[in-house]
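I have placed the structure first, in the form of structure tokens, so that the comments after it can refer back to it.
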Amino acid sequence: MTFKIITLGCKVNSYESEIMKELLLKAGYKEVEEHPEVTIINTCTVTNMADSKSKKMVRRYKRENPNTILVVCGCSSQNNKEEYEKMDIDILLGNKDKSKIVTIINNYKSNNKKYIKFYDDRNLNFEDMVVNEFTSHARAFVKIQDGCNNYCSYCIIPYVRGNIRSKDFNKTLDEIKTLVKNNHKEIVLTGIHTGSYGYGLGYDLSDLLHEMAKIENLVRIRISSIEITELNDKFLNELKENDKICNHMHIPLQAGSDEILKKMNRKYDLNYFFNKIEEIRKIRPDISITTDVIVGHPYETDELFEKTVESCKKLKFAKIHVFPYSKREGTPSSRMDNQVNDSIKKVRSHKLLEVSNELEKDYAKKFVGKTLDVLIEENYADKSVGHTSNYLKIEIPKKLEINKIYNILITEDNIK
């Protein structure tokens with residue numbers, strides 16, 4: 001049988017889709033682009049827009065491929081069970097049992113009976129999944145953790161991903177070693193709350209990074225995202241000693257004023273954030289630090305928004321991922337007074353994006369004229385595209401080998 005997987009949302013979803021793809025291929029299924037006999041849609045619910053996009057995708061594929069076996073899974077279906085149950089979906093899952101996808105599809109084929117299965121996500125063990133070769137990207141993602149216990153007031157994810165839980169330490173290392181043997185030079189560690197890896201199990205993210213550094217032929221270790229509160233002395237020492245850790249960290253700020261950080265139930269204030277960033281830059285002066293910022297959270301006034309703008313400028317982020325606040329039903333923020341008008345959110349988002357563009361240019365300029373290692377991720381007849389360790393996107397005007405690292409002179413023209 002033929003199949004197609006549509007993935008929406010984060011790197012965790014990308015990893016889980018890669019798992020399903022590998023399992024289906026091993027079982028004799030064939031991946032196709034058009035008219036698949038099985039269509040899997042791995043959904044996202046992080047914002048209202050993500051929910052809407054997920055639902056539209058489900059309706060579209062059912063309409064365009066009425067005979068396909070439609071499988072829907074992921075955060076949006078977990079968060080909107082009743083709504084998805086009313087759709088004409090053959091197999092409906094939440095965030096669990098993606099590793100059992102072959103059995104579930106085969107059972108459906110034999111009995112032709114609609115299958116719906118959800119779990120209480122607050123009390124789950126880590127669902128073991130192992131990718132042997134990450135075919136969708138040159139960089140290989142490894143999901144080491146799931147769930148979140150932070151309960152930021154605006155966020156729906158703890159309700160749909162459940163409690164924090166981690167992949168076994170040795171199983172994680174074995175998976176990484178296999179990926180490296182299969183020619184992946186860069187491993188991206190990912191999770192819903194990656195920095196909580198190993199919580200309560202006697203090991204942590206720093207221990208994993210330390211052991212990964214010993215793996216021969218692994219050139220780069222990248223962390224998809226980490227909270228500022230998890231950058232303890234042990235981690236900072238590993239950052240100092242371990243030169244395989246990429247010269248890039250994504251650390252969400254979310255708001256640049258103490259007033260809004262408190263409303264968001266974030267676990268730090270601005271002073272703490274600034275001091276940690278200063279510590280990181282003492283260790284690695286040229287590191288790229290990118291961030292997430294939500295604009296238009298309830299109670300954010302024009303004055304508080306301007307504080308966020310000034311904080312971002314002072315912190316000199318290499319890039320800001322800007323998100324207009326999205327009201328997620330069931331979260332504390334959705335019940336707050338002083339909700340910000342959508343038109344104001346749009347204006348503020350645009351302004352912060354302009355700031356991000358300027359900061360991105362300023363950071364990139366520092367490397368013009370220098371030679372940096374570039375991992376080639378895409379190639380075409382006349383050009384190749386890849387990233388440096390500090391996550392500059394570089395375009396080279398010739399075809400180079402994918403998954404290989406080249407020394408490239410950085411110019412204003414090849415930074416994209």
* Asked: Residues in side-chain contact (heavy atoms from CB on, under 4.5 Å) with Asn170, at least two apart?
  -> Asp168
Tell me whether the count of non-hydrogen atoms from other residues, nucleotides or ligands lying under 6.0 Å of [atom1] in [X] goes above 12.
X: Lys416; atom1: NZ; answer: yes
X: Lys366; atom1: NZ; answer: yes
X: Tyr199; atom1: OH; answer: no
X: Lys100; atom1: NZ; answer: no
X: Lys365; atom1: NZ; answer: no

Side chains of [Y] and [X]: any donor to acceptor distance under 3.5 Å?
X: Thr2; Y: Glu37; result: yes
X: Ser224; Y: His250; result: no
X: Ser76; Y: Tyr84; result: yes
X: Lys109; Y: Asn107; result: no
X: Tyr363; Y: Asn390; result: yes
X: Asp413; Y: Thr411; result: no
X: Lys4; Y: Tyr61; result: yes

Using 4.0 Å as the upper bound for N to carboxylate O, is an ion pair formed by [Y] and [X]?
X: Lys214; Y: Glu211; value: yes
X: Glu306; Y: Lys351; value: yes
X: Lys267; Y: Glu227; value: no
X: Lys171; Y: Asp174; value: no
X: Asp51; Y: Arg328; value: yes
X: Lys262; Y: Asp269; value: no
X: Glu310; Y: Lys314; value: no
X: Glu16; Y: Arg161; value: yes
X: Lys234; Y: Asp204; value: yes
X: Asp90; Y: Lys62; value: yes

For [X] and [Y], indicate whether the former's side chain and the latter's backbone hold a donor-acceptor pair under 3.5 Å.
X: Asn341; Y: Ser343; answer: yes
X: Thr7; Y: Asn42; answer: no
X: Ser17; Y: Ser14; answer: no
X: Asn379; Y: Leu400; answer: yes
X: Gln145; Y: Ile192; answer: yes
X: Tyr197; Y: Leu189; answer: no
X: Ser356; Y: Leu352; answer: no
X: Thr291; Y: Ile251; answer: yes
X: Ser153; Y: Lys263; answer: yes
X: Arg220; Y: Asn247; answer: no

Measure the [atom1]-[atom2] distance between [X] and [Y] for me, rounded to the nearest 0.5 Å.
X: Leu239; Y: Leu209; atom1: CG; atom2: CG; result: 9.0 Å
X: Met49; Y: Ser54; atom1: CE; atom2: OG; result: 12.0 Å
X: Lys370; Y: Ile410; atom1: NZ; atom2: CD1; result: 10.5 Å
X: Lys98; Y: Ile104; atom1: NZ; atom2: CD1; result: 11.5 Å

* Please confirm whether Lys96 makes a cation-pi placement over Tyr119, using NZ or CZ under 6.0 Å from the six-membered ring centre and within 45° of the ring normal. =>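 So Lys96 does make the cation-pi contact.
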* Report yes if the side chains of Ile277 and Arg281 come closer than 4.5 Å at any heavy-atom pair, otherwise no. =>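 The answer is yes, as the side chains (C-beta and beyond) meet within the 4.5 Å cut-off.
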* To do: Side-chain contact test, heavy atoms from C-beta onward, threshold under 4.5 Å: evaluate it for Thr308 versus Cys312 and give yes or no.
  => yes
* Residues that His193 engages under ring pair (Phe, Tyr, Trp, His ring centres under 6.0 Å), provided they are two or more places apart ->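 Result, ring pair (Phe, Tyr, Trp, His ring centres under 6.0 Å) vs His193: none returned.
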* To do: Please confirm whether Phe273 and Tyr268 have ring centers closer than 6.0 angstrom.
  =>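 Yes, close enough.
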